[in-house]
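Heads up: the structure comes next, in structure tokens.
Just so we're clear, the structure is a prediction, and the values are computed from it rather than from any experiment. Per chain, numbering begins at 1; letters A, B, ... match sequence-line order.
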Amino acid sequence: MKKLNYILKRLLQLVPVVLGVTILLFFVMRAIPGDPAVIRLGIRATEEGVRNLRREMGLDKPLPVQYLIFLRDVVTLDLGTSIMYEYPVKRLILERLPKTLYLAGYATLLSVLITVPMALLAAMNKDRWPDQLIRGGFMLALGMPQFWVGVILLMIFALRIRLFPVSGFGETPIEHLRHMTLPAVALALQQSSWLMRSLRSDIIDVIRADYVDFARAKGLRERLVMTKHILRNALIPTVTILGLNIGYLVGGSIVIERVFAIPGMGSLLLNSIFSRDYTVVEGITLSFAAMVILINLLTDLVYSVLDPRVTLD
Amino acid sequence: MYSRSKWTAALAVIVVLTGILSACAPAEPEVVEVTRVVTEKEEVEVTKVVKEEVEVTAVPEEEKKVFRFGRVAGAVNPDPVFTDANYDIWYMQQYYSGLLRFTKDLEVEGDLATGCEASEDGLTYTCQLREGITFSDGTPITAEDWEWSLNRARNPENGIWSFTLSAVESIEATDETVTFELSEPYAPFIYSLALFNAVVMPKAKVEEAGGWENFMNNPIGAGPFMMEEWKRGEYMRLAKNPNYWEADRINIDEIMLRNIPDDNARILAVQAGEVDAINYAPFNRVPDLQQDPNVNVTFFPGTAQQTINFNHRMDEFSDPRVRRALCLALDKDAFIETVNFGVGEVATTYLPHADQYHDPDLEGWPYDPEEAKRLMEEAGYADGFDIAFTTREGRQAYQQIATLTQSMWEPLNVNIEIQPLETGLYYDRYYNNEFESQINGWTNDVPDPSQKTGYYMDYSVAECVHSGWETPDDVKALIDEGVTTLDEERRQEIYSSLQQTYNEETIHCPLYEEPYLVVLGPAVRNFYQTPLGTYVWRDLDVSR
């Protein structure tokens, strides 16, 4: 009951945030110079052509009216129609979202799978050669730009050794997995460098804790000490970073989606900004805002499970 | 004490969290449920698609000939009348057809009509329709469809292409003919009838769908192919139209147009054989692509021209001597060498070499720094001036052009500040005349000089691509006569004279022309692109 109340309260907080985001978004987007009709016509823009196209796009209505239409579309969860494609924004997003979430999730999973054993190994061998090697390796990974890593991975594993496809998302679940592996690795490499640093130092801190000595002293097996006492306590700050990083991952996927020609949210957002497709930019940004809030909520819930001292108030 | 079950629960929450976020199939057993739901959904979608294919084409999967094309950007608005982007225009006549059509060499030939005859005075055009022509769904094309489609195309309220049919006074269609009455002769009219906007659309189907917006989700036309599926910003799938009057000629069963915006990704896709061809490879990749035995680098002559635009509203640029001096100071061969790796041709006037009315006697602006210096002194700008030069951000070629221009204008003491602008901002400045100098690209959309002449020399169209050059009355009269006169020799005279005026005035500074670059995989046969950029894929074939 307490948990449910907490969740409801947090979800209610969504309302003012979303309303604020809509106002900011709507007016900031329209304050940016560049008119969708002029951009569409480019060098061929004539006065008459721009006027006709603006009417066709519904941009000839007064701004407050356009805002109210937008607000109505948000409230009814409809999100309106794309100016550029004359197609429902909601459908555009729903076509793209699974691909981006797949990529972000796959990358997160890979980075956890890479980070946990590596961080343990490094922390257990603090300042000895495995530690130096692992830390150096991740430092290097952190320093490499993602698009570059992506291109190098493509050159080696897609063009030289034809192990993975070059681009796209594929059609069957098995194809998805094959198509997303290289981009997920490119994203996970950087992601795990951040996680690695936090987890390693947290493990080192926890190892020195009295309760770990106590656990060992009472004769617990090393494996149990490791999983129940060390890793569990060291994971808490890392979960925060992981949660925060998922938002960053979705942003980072814009570049990776381009390199691997994945038709996800990133490429949709980028194109929509360039063409001033107001409704699509607004729709995507709102969904991202809602997603970040939900992820934060989930992170807090995971806390309370990981650490019984954390209460949901 | 922590209990085992609690610890498992914590792990499960983490995994479900990633599972929900990913909606993917990770190795952990805890997320099996999430996975299954998504997988089932996807499977349903997949089977649905397959079923549709079978229904429509009735060609077994393994025998189906598919052509896969990787393009830099995809369709935006494939409405033949309201369209404006090359990503639509260049592909549109695969799925729509009109009375006439262009061959790969821009000759006009009959399409849904066997041909069109002009009357002696050039005021009446009568087109003879083929027998039994239908839309791709098998419904007959009616006289009403013709009148409705063509009247929509010529309505000046509808988009920027209505000018091609602006001379039309009335259109009358029967089951055998379509007849046009013109208010005055219009020289390029026969081309107008072969253009992408003058195609026939099913009136009843558009109305049934409740307007264009909905009709575009599943458009029906009468072209050699038909649109099967369009995922905005992702891909478009076309299937052979079994009801096309010339269906026997079409070899390809399906065309897959994939959007691959990144240059590297697009090139890798054709190198790895994931697509059969790509467009818009950057010219700096030509040398290494020519080394790759798996691909053929192909050039098609084009009308694309890169031009430096001056804002004549500024004192410095209001003097034609200054504009000429600045253009003479540019070594255009160096531009082609550096920017395009030797691919291209120096522009000598605003009409490209591929244009039938291009005047070959004009020498243009040959590189002459001495003369440039003299002209600047004569104009009173021996000490030069400072000027802003706007380019489009992310366009490497434009950045290089700007840098070269900067170094070549420096001896004239003209210092330019390069301003790379995001595309939207760039066109905003252009449209509102808020630039000083900039770089522009143009590709002809019509195989007749009248369109470009209007944009580049007629102030009333678009302020001479917003340079603000004020068209003198005698020049304006010539521009108008060029459109209405039907006498070939007179037209040649007019356009030669206009090109001379353009060059004397140096309204803008044309730099170079470039061909269309297409990278083809080994399987592709008979891939054609016209000088307008439009694709002609009627004879296309793939042999794997």
Next item on the list: Please state whether the side chain, the backbone, both or neither of B:P156 comes within less than 4.5 Å of a heavy atom of chain A.
Entry: both
Item checked: Flag, side chain of B:Y455 to backbone of A:R44, donor-acceptor distance under 3.5 Å -> yes
Checklist line | Minimum side-chain heavy-atom gap B:Q271-A:V166 below 4.5 Å | finding: no
Check: Do the non-hydrogen side-chain atoms of A:S167 and B:R258 ever get within less than 4.5 Å of each other?
Finding: yes
Next item on the list: Output yes when A:E86 and B:R232 qualify as a salt bridge under the 4.0 Å nitrogen-oxygen rule, no when they do not.
Entry: no
Next item on the list: Could you tell me which portion of B:Y456 (side chain, backbone, both or neither) has an atom closer than 4.5 angstrom to a non-hydrogen atom of chain A?
Entry: side chain
Notebook entry, point to check: Contact part of A:S267 toward chain B, heavy-atom cut-off under 4.5 Å: side chain, backbone, both or neither?
Noted result: neither
Notebook entry, point to check: Taking C-beta and beyond as the side chain, do A:L41 and B:I160 meet within less than 4.5 Å on heavy atoms?
Noted result: yes
Item checked: Minimal non-hydrogen separation, A:A45 against B:Y431, with atom names -> CB-CD1, 3.8 Å
Notebook entry, point to check: What part of B:E234 gets closer than 4.5 Å to chain A, counting heavy atoms only: side chain, backbone, both or neither?
Noted result: both
Notebook entry, point to check: Is the number of heavy atoms from other residues, nucleotides or ligands under 6.0 Å of A:F214 CZ greater than 12?
Noted result: no
Notebook entry, point to check: Do A:E48 and B:E157 come within less than 4.5 Å of each other through their side chains, counting heavy atoms only?
Noted result: no
Margin query: Is A:E95 close to chain B through its backbone or its side chain, or both, or neither, when contacts mean heavy atoms under 4.5 Å?
Written below: both
Notebook entry, point to check: Of the non-hydrogen atoms in B:V76 and A:Y85, which two are nearest, and what is the gap between them?
Noted result: O-CD2, 3.6 Å
Check: Under a 4.5 Å heavy-atom cut-off, does chain A meet the side chain of B:A75, its backbone, both or neither?
Finding: backbone
Notebook entry, point to check: So what's closer than 4.5 Å to chain B heavy atoms on A:L110: side chain, backbone, both or neither?
Noted result: neither
Item checked: Segment of A:M155 engaging chain B (4.5 angstrom heavy-atom cut-off) -> side chain
Notebook entry, point to check: Looking at B:G273, B:A85, B:G233, B:G70, which has the largest count of heavy-atom pairs under 4.5 Å with chain A?
Noted result: B:G233
Item checked: Interface moiety of B:D79 toward chain A, non-hydrogen atoms closer than 4.5 Å -> neither
Item checked: B:L425 to A:R276 - nearest heavy-atom pair and separation -> N-NH2, 3.7 Å
Margin query: Report which part of A:R162 has an atom under 4.5 Å of a heavy atom belonging to chain B: side chain, backbone, both, or neither.
Written below: side chain
Next item on the list: Inspect the surroundings of OH in B:Y87 and state if more than 12 heavy atoms from other residues, nucleotides or ligands are less than 6.0 Å away.
Entry: no
Note to self: Report which part of A:R55 has an atom under 4.5 Å of a heavy atom belonging to chain B: side chain, backbone, both, or neither.
What the structure shows: side chain
Check: Considering all heavy atoms of both residues, which atom of B:F82 and which atom of A:R40 are nearest to each other, and what is their separation?
Finding: O-NH2, 4.2 Å
Next item on the list: Measure distances from B:V465 to the heavy atoms of chain A and classify the residue's part below 4.5 Å as side chain, backbone, both or neither.
Entry: side chain
Checklist line | Over 12 foreign heavy atoms within 6.0 Å of CD1, A:I161 | finding: yes
Next item on the list: Could you have a look at A:P165, A:A107, A:P36 and say which one has the most heavy-atom pairs with chain B under 4.5 angstrom?
Entry: A:P165
Margin query: As an exercise: rank B:D263, B:L268, B:N264, B:I260 by heavy-atom pairs under 4.5 Å with chain A and give me the winner.
Written below: B:L268
Notebook entry, point to check: Can you name the nearest heavy-atom pair linking B:D262 to A:R258, along with the distance?
Noted result: CB-O, 3.2 Å
Notebook entry, point to check: Does any heavy atom of chain A fall under 4.5 Å from the side chain of B:R266, the backbone, both, or neither of them?
Noted result: neither
Check: Which bit of B:W212 is near chain A, if near means a heavy-atom gap under 4.5 Å: side chain, backbone, both or neither?
Finding: neither
Next item on the list: Take atom CD of A:E47 as the centre, draw a 6.0 Å sphere, and report whether it contains more than 12 heavy atoms from other residues, nucleotides or ligands.
Entry: no
Margin query: Given heavy-atom pairs under 4.5 angstrom as the criterion, report whether the side chain, backbone, both or neither of B:D445 touches chain A.
Written below: side chain
Item checked: Option that, when pairs with chain B are counted at under 4.5 Å, heavy atom only, ranks first among A:L159, A:T46, A:I43 -> A:I43
Margin query: Is there a side-chain contact between B:N158 and A:N52 in this structure, where contact means two heavy atoms from C-beta onward sitting under 4.5 Å apart?
Written below: no
